[in-house]
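Everything below concerns the one structure shown next.
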Amino acid sequence: MNLQNSSQEIDDVVLKTVNLAKYYNLKNGFFGKVQTLKAVNGVHLSLKTAQTLAIVGESGSGKSTLARMITLIERPTLGQLFLQGQDVSNPNRSTLKQFRPFVQMIFQNPYGSLNPRHKIGNLLAEPLKINTPLKLSERREKVITMLGKVGLRPEHAQRYPHMFSGGQRQRIAIARALMLNPKIVVADEPVSALDVSVRAQVLNLMASLQQELKLSYIFISHDLTVVKHIADSVAVLYLGKIVEHGTKDQIFSGALHPYTHALLASTPSVDNPKQSGRIVLKGEMPSPLAPPPGCTFHKRCPYATDICTKMIPELRPVNGHQVSCHHAEKFVQTGLK
Ligand code: SF4
């Protein structure tokens, strides 16, 4: 990692990953052979202040493992993770203490992340109690302020999680994630468990909090309609690797990887006029324990040729964004039909 960046760039880039990887060694039975599962396999990403990076892909693509490394819940096997310019890939206890508040997480199921026996006021005050020297009265004041920021009232502090609707519970989960003034929020499918009618409200709340608090979001989702609503840039993950990465417009109007194109085509509400034809995803994602040789997408790809079965395509710039496909230049000319 070249740390000769200007101080401006370091200030602006709140998160950077360099070749980040997480491997798990799995044993098949007591005397079985140890196999390596490469859940995340060499991911390069960066995120700027007050921007939203969406990470999309099917279940099993490595999205949640990546989220757990970024939130310092799991340590990477290889590569580096930088938060505000500091390498936190292998943090000691004091670095962990310093950076845990910096990056917080919102989960898919807000009910599961809120202890049903505690009142909302106590649930929101808990991170302050553990991580700050604030007095009881100061903690109470911060709880009331935060409830207001997420559209709830002071009296809600005295109620229990089961007394709220799904949308309100997700507001409470957002409030809890923000109690320690994080710079980055990793949101793992934050609206997929909500009714369609309240999704837009929660997304709008996240957008206004981002503006107000200069938050950076990593937004993990399989739902491209939601991603189109909230993201500035999009990284498409397949079997632990990024296969396409660009701005929202580059991905939604000019995707060059057949996998991205198939994801877009499978989301009918996403209007994608520049791409005629539909690629239907065939079969299942292969096991990360035994990924196919060459391009790991080749068994499902209608454009696969001989080279695809033998050579791993590099992630490289094509038409202004990053694509990992041997035939990306051809698709710039012909489109994906
Ligand atoms: Fe399809 Fe080949 Fe491109 Fe992989 S490299 S996405 S198999 S065309």
Side-chain angles (χ1 to χ4, degrees), residues 1-25 36-57 60-107 127 131 177-178 180-190 210 214-221 231-246 288 314-315 322 324:
M1 163 69 183
N2 179 8
L3 286 175
Q4 311 264 312
N5 303 326
S6 69
S7 59
Q8 173 62 43
E9 189 188 343
I10 288 174
D11 282 351
D12 205 24
V13 175
V14 284
L15 175 143
K16 185 163 185 158
T17 72
V18 180
N19 202 27
L20 202 67
K22 182 71 191 178
Y23 301 160
Y24 301 98
N25 287 328
T36 302
L37 186 151
K38 296 182 175 177
V40 173
N41 192 13
V43 164
H44 300 264
L45 285 174
S46 73
L47 177 63
K48 290 186 174 177
T49 301
Q51 296 274 299
T52 299
L53 166 66
I55 298 178
V56 302
S61 59
K63 303 185 301 269
S64 295
T65 306
L66 184 57
R68 286 199 300 278
M69 285 192 281
I70 289 170
T71 45
L72 306 175
I73 295 168
E74 291 210 44
R75 291 186 185 215
T77 311
L78 294 170
Q80 290 166 294
L81 168 65
F82 295 88
L83 295 178
Q84 202 112 51
Q86 184 165 336
D87 189 346
V88 293
S89 323
N90 192 18
N92 58 26
R93 193 186 282 239
S94 91
T95 309
L96 261 185
K97 193 165 181 224
Q98 181 190 349
F99 278 96
R100 273 255 160 84
F102 187 89
V103 49
Q104 294 288 304
M105 194 149 179
I106 302 168
F107 297 93
N131 294 283
L178 300 183
L180 294 174
N181 301 323
K183 292 272 184 278
I184 301 169
V185 173
V186 178
D188 191 354
E189 305 273 9
Q210 180 172 52
K214 297 279 166 275
L215 295 168
S216 304
Y217 291 142
I218 299 267
F219 195 94
I220 293 173
S221 182
D232 295 296
S233 56
V234 181
V236 182
L237 209 58
Y238 187 78
L239 270 188
K241 287 191 171 194
I242 291 176
V243 295
E244 189 154 18
H245 185 196
E314 295 281 322
L315 188 67
Q322 302 280 320
S324 127

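Because the structure is a prediction, the values reported are computed rather than measured.
Between the NZ atom of Lys38 and the CG atom of Leu78 there is a distance of 8.5 Å, given to the nearest 0.5 Å. Atoms CD1 and CG, from Ile70 and Leu53 in turn, are 8.0 Å apart once rounded to the nearest 0.5 Å. To the nearest 0.5 Å, atoms NZ (Lys214) and CG (Asn181) are separated by 14.5 Å. Distance check, rounded to the nearest 0.5 Å: CG of Leu180 to CG of Asn131 gives 5.0 Å. Going from atom CG of Leu178 over to atom CD of Gln104 covers 8.5 Å, rounded to the nearest 0.5 Å. To the nearest 0.5 Å, atom CG of residue Leu20 and atom OG1 of residue Thr65 are 10.5 Å apart.
Here the closest heavy-atom approach between residue Ala235 and residue Ile242 is recorded as CB-CD1, 4.1 Å. Shortest non-hydrogen contact noted between Leu72 and Phe99 is CD1-CB, 3.8 Å. Across Val186 and Ala67, no two heavy atoms sit closer than the pair CG1-CB, 3.7 Å. Listed here is the closest heavy atom pair of Phe219 and Pro190: CE1-CG, 3.4 Å. The nearest pair of heavy atoms linking Val40 to Leu66 is CG2-N, 3.8 Å.
Considering only heavy atoms from C-beta on, Thr52 comes within 4.5 Å of Gln210 through its side chain. Counting heavy atoms from C-beta outward, Leu45 and Ile55 have side chains that approach closer than 4.5 Å. Contact annotation: the side chain of Val43 approaches that of Leu237 to within less than 4.5 Å [non-hydrogen atoms, C-beta and beyond]. In this structure the side chain of Pro91 reaches within 4.5 angstrom of the side chain of Arg75, judged on heavy atoms. By the 4.5 Å heavy-atom criterion applied to side chains, Lys22 and Pro76 are not counted as neighbours. At least one side-chain heavy atom of Gln98 sits less than 4.5 Å from a side-chain heavy atom of Gln86. With a 4.5 Å cut-off on side-chain heavy atoms, Leu239 and Pro288 count as touching.
Residue pairs meeting the salt bridge (Lys or Arg N to Asp or Glu O under 4.0 Å) criterion with at least one partner in residues 61-70, sequence neighbours excluded, are Arg68-Glu74.
Asn41 places no side-chain N or O within donor-acceptor distance of the main-chain N or O of Ala21, the cut-off being under 3.5 Å. When atom types are taken as modelled, the side chain of Ser89 and the backbone of Leu81 share a donor-acceptor pair closer than 3.5 angstrom. Under the 3.5 Å distance criterion, the side-chain polar atoms of Thr49 are matched with a main-chain donor or acceptor of Asp12. Under a 3.5 Å cut-off, the side chain of Ser216 and the backbone N or O of Ala50 do form a donor-acceptor pair.
A side-chain contact (heavy atoms from CB on, under 4.5 Å) with Phe82 is found for one member of Val18, Val13, Thr17, Val88 and no other, namely Val18.
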*side chain to side chain contact (heavy atoms under 4.5 Å, CB included) evaluation trace for Asn19 with His44*: CA-CA 5 Å; Asn19 202 27; His44 300 264; 3.9 Å; yes
